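Heads up: the structure comes next, in structure tokens.
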Amino acid sequence: MKAEFISLDERFTIAGDEYLERLYDAGRWLEGPVYVPAWRSLVFSDIPNDRMLRWDEQSGQVSVFREPSGNVNGNTLDTQGRLISCSQGNRSVVRTEHDGSLATLASHLDGRRLNSPNDVVVKRDGSIWFTDPPYGITSNYEGRRAEQEIDGCHVYRISPGGELRVVADDFLRPNGLAFSRDETQLYVVDTPGKHIRRFDVKDDGLTGGDVFAPCTAEMFDGIRLDAEGRVWAATHEGLHVFDPDGTLLGKLLLPDLVSNLCFGGPKRNRLFVTATTSVWSWMLTTDGARPPYDLG
Ligand code: MG
């Protein structure tokens with residue numbers, strides 16, 4: 001499909017190839033794309049179908065990675081390249097160990113079950129930050145219908161030692177999140193608030209949290225940063241790209257609701273987008289931000 005990139009600012013005029021590739025089109029609601037360099041693969045989630053899929057960059061084949069998945073939504077890699085996943089169905093954050101076993105990293109706060117972890121990022125100190133809206137417990141579609149046990153939808157941090165703590169408690173439905181390049185700031189989407197907020201990261205907590213950018217196409221979901229610090233955000237009309245000063249620089253229009261994105265490929269210059277039933281790929285003229293694991 002011909003890429004429809006609309007530049008709205010002269011600072012960001014060329015974003016990628018002339019054409020977008022559709023890598024997969026048989027999902028129900030795709031989410032959580034993460035590029036795993038060691039596997040030369042993209043792992044992504046199909047939440048209602050309760051499975052995770054894997055697109056092999058070398059063969060172009062898509063196969064089932066894990067089924068059932070516990071309705072996994074967001075995925076990322078930690079500092080050792082291990083897969084960290086938000087399980088909406090099991091209301092937990094889990095890590096896939098190097099031997100393939102699963103370790104639960106967070107499931108309860110003070111004896112009460114989390115709502116349904118949605119998206120997750122890892123800081124270079126090894127701490128894990130995630131959001132906990134209720135989308136996995138409001139119906140059986142994306143998880144399992146259940147009572148909300150925690151009063152509110154918060155942003156959490158798991159310390160390198162495994163301690164779980166609330167770091168922001170004034171969200172309606174926190175969703176996608178991403179650190180700035182130097183990790184001094186954390187961007188967090190509030191989906192029904194229709195905006196992205198930006199916090200200052202102070203040691204193991206957050207301060208500030210003013211609105212960074214409003215959404216002009218219904219609502220935001222996942223976000224990622226590129227190597228220049230620009231914020232790429234999933235919306236209902238495609239991706240919106242923001243300068244760190246908050247200016248909307250451009251839009252990549254897509255035919256379906258977009259849920260999330262990631263940068264990948266060996267050079268991190270390939271964009272992967274999950275959009276309703278499809279995964280799209282676009283070769284870029286920019287690179288994704290440095291991941292938390294060591295690139296060597
Ligand atoms: Mg999300």
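For the numbers below, each heavy atom of this structure counts, side chains included, while hydrogens, waters and symmetry mates do not. Bear in mind the structure is a predicted one, so any value in this text is a computation, not a measurement. Just so you know, ligand 1 is whichever comes first in the structure, and atom 1 is the first atom listed for that ligand.
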- [ ] For the Mg ion (ligand 1), decide whether Asn175 has an N, O or S atom at a distance under 2.8 Å.
- [x] yes
- [ ] Might you confirm whether atom CZ of Arg28 has over 12 heavy atoms from other residues, nucleotides or ligands at distances under 6.0 Å?
- [x] no
TODO: Kindly say whether Val34 contributes a backbone atom to a donor-acceptor pair with the side chain of Thr76 at under 3.5 angstrom?
DONE: no
TODO: Specify which N/O/S atom of Asp221 comes nearest to the Mg ion (ligand 1), by atom name.
DONE: OD1
Open item on the list: Which heavy atom of Ala213 sits nearest to which heavy atom of Phe242, and what is that distance?
Closed with: CB-CE2, 3.6 Å
Task: N, O or S atom of Asp119 closer to the Mg ion (ligand 1) than 2.8 Å - done: no
- [ ] Could you tell me whether Asp170 and Arg197 make a salt bridge, using a distance below 4.0 angstrom between a side-chain N and a carboxylate O?
- [x] yes
Task: Metal proximity, Asn118 vs the Mg ion (ligand 1), N/O/S cut-off 2.8 Å - done: yes
